[in-house]
Undergrad: 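There's a structure below that I have some questions on.
Predicted model, so just to flag it, every value in this text is computed and none were measured. Ligands are counted one by one from 1 in listed order, and the atoms in each one are counted from 1 as well.
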Amino acid sequence: MTTGGQKREVFALAALFVAIAAVTVIGFAHDWKPPVASEEGARVDSLIRYLLFATGAVLVIGAAALVAFLWRYGRGLPSPAPRSDPRLERWWSLVPVLGMAVIAEVGVLVKGLPVWKRVYGAPPPGALVVEVNAQQFEWWVRYPGPDGVFGRRDPHLVDATANPLGLVPEDPAGRDDVVVRNALHLPAGRPVHVRLRSRDVLHSFSIPEFRVKQDVVPGMITAITFVPSRAGSYQIACAELCGLGHYRMGARVIVHPAEEFDTWLEGQNGALQ
Ligand SMILES: [Cu+2]
């Protein structure tokens with residue numbers, strides 16, 4: 001091929017890389033997520049930002065190097081470089097691998113692990129413990145009531161209208177338990193420990209503003225902790241296809257200022273009272 005033809009190819013490639021880089025940068029610059037409303041969510045965002053910028057920088061540097069080499073050696077001129085140099089190649093395999101490992105590990109260890117510990121570690125003392133029960137196609141929320149103890153449950157006692165969670169009436173701890181359908185009331189600024197249970201199939205407890213998404217698995221309890229940081233009303237959406245009614249398996253999270261939440265909870269009757 002003529003030198004002119006190759007020059008055009010290099011220009012076209014350079015234009016392609018610049019376009020990819022521009023789209024990437026513009027895509028990163030725009031915040032596609034809903035405004036964050038939990039303390040952990042802010043940290044998750046920070047981790048995502050770090051990984052996007054770090055790997056984005058690697059992409060741009062790599063593409064620029066590729067174009068530069070094409071420009072320098074891709075014009076049909078005899079290359080001054082030796083055809084192969086195993087030692088150099090080994091080094092230039094090792095350096096990017098180590099570089100990427102450092103970028104990833106810094107993200108995971110420095111930024112990721114502390115968030116993981118907050119979300120999946122033991123809840124801090126004073127955390128509000130709430131039970132969220134998923135079933136086709138609704139969410140049942142249970143608070144332990146003034147005694148702070150959840151009453152026992154028996155699957156045989158489940159009754160769709162009278163006793164949806166199968167609370168055992170003989171258990172005094174369960175008498176003051178507060179049960180709410182499709183609404184999760186929470187206080188702002190206080191750690192919340194959510195215990196997730198499913199009555200039937202796999203569901204997923206997802207609150208985009210909290211950056212929370214946790215599978216709800218029948219036969220086991222999954223638990224997460226987070227601190228709602230902003231009063232407001234947000235959507236809980238089931239994020240796991242769980243049947244024909246999956247699309248309508250939604251509920252609201254209502255985050256109250258702390259005192260308002262206490263007033264709300266005191267105003268609720270026990271499920272079995
Ligand atoms: Cu579901």
Undergrad: When you measure from the side chain of His203 to the backbone N and O of Ala239, does any donor-acceptor pair fall under 3.5 Å?
TA: no

Undergrad: For Phe205, which of Leu184, Asp215, Thr222 qualifies under side chain to side chain contact (heavy atoms under 4.5 Å, CB included)?
TA: Leu184

Undergrad: Could you tell me which residues satisfy ring pair (Phe, Tyr, Trp, His ring centres under 6.0 Å) with Tyr143, sequence neighbours excluded, listed by chain and number?
TA: Trp264

Undergrad: With distance as the sole criterion, is a donor-acceptor pair present between the side chains of Lys111 and Ser46 under 3.5 Å?
TA: yes

Undergrad: For the residue pair Val192 and Pro228, what are the closest heavy atoms and their distance?
TA: CG2-CD, 3.8 Å

Undergrad: Hey, what do you get for CG (Leu241) to OG (Ser204), rounding to the nearest 0.5 Å?
TA: 11.5 Å

Undergrad: When you check the space around the Cu ion (ligand 1), which protein N, O or S atoms turn up under 2.8 Å?
TA: His203 ND1, Cys238 SG, Cys242 SG, Met249 SD

